[in-house]
Amino acid sequence: MTTPSELTHLTLAGARDGLAARRFSAVELADAHVAAIEAGRQLNAFITETPDQARAMAAESDRRIAAGEARPLEGIPLAIKDLFCTEGVATTAGSHILDGFRPAYESTVTANLWRAGAVMLGKANLDEFAMGSSNMTSYHGAVENPWRRQGDNRPLTPGGSSGGSAAAVAARMALGATGTDTGGSIRQPAAFCGIVGIKPTYGRCSRWGIVAFASSLDQAGPMARTVRDAAILLGQMAGHDPKDSTSVPLPVPDFEKALDEGVRGLRIGIPREYRIEGTPPEIEALWQQGIAWLKDAGAEPVEISLPHARYALPTYYIIAPAEASSNLARYDGVRFGLRVPGGSLDEMYENTRAAGFGAEVKRRVLIGTYVLSAGYYDAYYLKAQRVRARIVEDFRNAFQQVDAILTPATPSAAFGLGENMDDPLAMYLNDVFTVTANLAGLPGLSVPGGLSAEGLPLGLQVLGRAFDEATVLRVGQAIERAAGFDAKPAMVGGAA
Amino acid sequence: MAIDPETVAHIARLARIKVTEDEKAALAGELSTILQWIEQLDEVDTAGVEPVSSVVDAVLPWREDRVTDGGQAEKVLRNAPEAVPGFFAVPKVVE
């Protein structure tokens with residue numbers, strides 16, 4: 001008999017093997033996670049819990065396992081970021097404006113996961129419309145990071161926007177989770193919570209049925225506790241979908257199998273522009289450690305230059321709000337969600353959007369409207385798209401010399417809940433290392449490398465060529481092995 | 001570029017978001033700070049560079065012009081704040 005806490009501490013791969021060997025049932029595995037979610041409600045990681053659905057899906061998994069018809073993710077309990085539409089289950093995007101919305105359809109990525117046998121535990125909290133790096137902008141309240149600084153019990157941010165997903169996985173409430181990443185929203189919370197997250201190449205996962213933020217940047221990806229687990233999940237989430245015209249008709253490699261290839265002989269780019277003034281010395285030290293680990297594993301570090309990397313963040317803060325202002329025009333109080341009455345149709349729109357959107361979403365919609373408006377379109381929007389072309393070119397040049405790039409994942413460890421809220425620019429700087437991958441459409445992975453002096457997880461980032469997630473995962477696994485990161489938050493049995 | 005409260009009112013109107021007088025003043029300050037920070041892009045030489053709108057090299061696919069979905073008005077209307085059978089309902093637009 002395996003105890004519930006042993007079940008929630010398994011890796012996804014371990015649970016898969018345990019289910020196949022009939023050491024425990026899918027219902028036992030689901031129940032253990034449902035109980036962990038209930039016990040950890042103070043983290044506010046979930047907006048909607050779906051225990052009945054979880055048990056029903058797990059019972060079907062047990063039936064399939066007994067019949068010898070197990071699918072690749074049979075019985076694996078997952079948290080789903082509440083940005084993915086789930087048929088008949090409330091989908092909020094962390095916003096007041098989607099109150100009461102129950103999608104009549106299932107997103108392609110979640111449909112792929114269910115078709116592979118996975119079990120839904122619930123919908124994970126997030127920054128409103130995925131706009132934020134702290135989870136503070138959710139209408140449904142902030143999420144707490146399960147980690148604490150040593151000897152300091154004040155709550156910390158899990159990062160964002162996929163903060164509920166990251167907190168749930170780190171707190172052993174789910175074996176894995178879906179996230180989305182527009183500027184760093186998978187990788188930054190993964191780093192802050194000591195887990196693995198990968199944003200695949202733009203076009204690798206279908207965006208159909210994911211509430212849109214910035215359509216040329218958004219990508220779905222997995223969050224899990226090991227690189228292998230992330231590889232397993234990505235393999236099932238990815239794939240061509242005719243319903244998303246930007247989804248690419250390429251075969252999905254066996255990412256898990258690719259991990260066996262190691263990193264011997266790979267050339268790893270170290271971009272000199274990522275040495276940013278004001279970065280804490282322990283982040284720089286971890287980066288140097290990461291370079292040494294890869295060298296020991298047989299890879300060759302190569303200094304490279306990405307001359308326009310420093311312009312990525314301001315470029316992003318034109319393009320992302322511009323696309324958001326267009327995407328969020330659909331929330332008009334007519335077809336779904338909140339409606340606040342007004343004397344005229346226009347007044348109804350204005351009242352609904354004033355009440356339904358939070359402060360950060362309004363700021364971004366207004367910036368986006370401004371940079372797209374007559375007279376400013378060329379100076380801001382077209383300029384940003386031209387700088388984006390420069391950034392894409394930088395990576396193209398770099399990947400002629402190297403197979404992957406290693407950088408820090410974030411410029412700091414997790415900060416206190418509520419910090420950085422009075423200065424939007426300070427918050428935006430969280431994405432300084434991650435945002436280039438979105439602008440260039442490239443895959444990026446965050447993997448835990450160690451703990452800060454205060455006992456908080458720190459992540460390293462691996463970037464790769466378009467559609468070469470396999471190499472990114474291989475490099476990530478080499479770091480994971482060398483780092484031997486096995487620290488856990490105190491609330492689930494780690495050192496206090 | 002600094003944004004004044006009148007400009008905020010104009011773009012808020014374009015975006016159909018009601019803003020109070022207090023919000024206008026606060027937003028003018030916040031948006032100006034963000035735009036001034038963004039203007040560092042002027043340092044980048046982009047002469048002759050084509051703007052990038054998509055990083056996917058593939059040409060958008062064509063498909064056969066036939067109906068593949070639809071006939072789900074009832075399901076769709078279930079999410080409407082106000083509906084009458086077969087239609088979304090909105091405040092009166094034409095007198």
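Chain letters run A, B, ... following the sequence lines, proteins first and then strands; every chain starts at 1. In this text the structure is predicted, and so the values were computed from the model without any measurement.
When heavy atoms are compared at a cutoff of 4.5 Å, B:Ala89 approaches chain A solely by way of its backbone atoms N, CA, C and O. For chain A, the nearby part of B:Ile3 is the side chain; its heavy atoms alone come within less than 4.5 Å. At a 4.5 Å heavy-atom cutoff, the contact between B:Leu27 and chain A is made by side-chain atoms alone. In this structure, no portion of A:Ala359 lies under 4.5 Å from any heavy atom of chain B. For B:Thr68, no part lies under 4.5 angstrom from a heavy atom of chain A.
For the set A:Tyr105, A:Tyr311, A:Phe336, A:Tyr428, the entry with the most heavy-atom pairs within less than 4.5 Å of chain B is A:Tyr311. Ranked by non-hydrogen atom pairs under 4.5 Å with chain B, the options A:Ile318, A:Thr246, A:Asp346 are led by A:Asp346. Taking chain B as the reference chain and counting heavy-atom pairs below 4.5 Å, the highest number among A:Leu338, A:Leu313, A:Leu439, A:Val392 is found for A:Leu313.
The closest donor-acceptor contact from the side chain of B:Arg16 to the backbone of A:Glu350 lies at 3.5 Å or more, if one exists at all. Looking only at distances, a side-chain donor or acceptor of A:Lys383 sits under 3.5 Å from a matching main-chain atom of B:Val44.
Inter-residue side-chain proximity for A:Arg363 and B:Glu30 is flagged as met; some heavy-atom pair is nearer than 4.5 Å. The side-chain heavy atoms of B:Arg78 and A:Arg102, taken from C-beta on, include no pair separated by under 4.5 Å.
Rounding to the nearest 0.5 Å places CZ of A:Arg364 at 8.5 Å from CD1 of B:Ile34. Separating the CG atom in B:Leu14 from the OG1 atom in A:Thr369 is a distance of 7.0 Å, to the nearest 0.5 Å.
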Check: Could you go step by step and tell me if A:Leu382 and B:Thr46 meet the side-chain contact (heavy atoms from CB on, under 4.5 Å) rule?
Finding: CA-CA 10 Å; A:Leu382 278 185; B:Thr46 52; over 6 Å; no
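Between the side chains of B:Glu39 and A:Tyr380, a donor-acceptor pair is found at a separation under 3.5 Å.
A salt bridge does not link B:Glu50 to A:Arg386: none of the charged side-chain nitrogens sits closer than 4.0 Å to a carboxylate oxygen.
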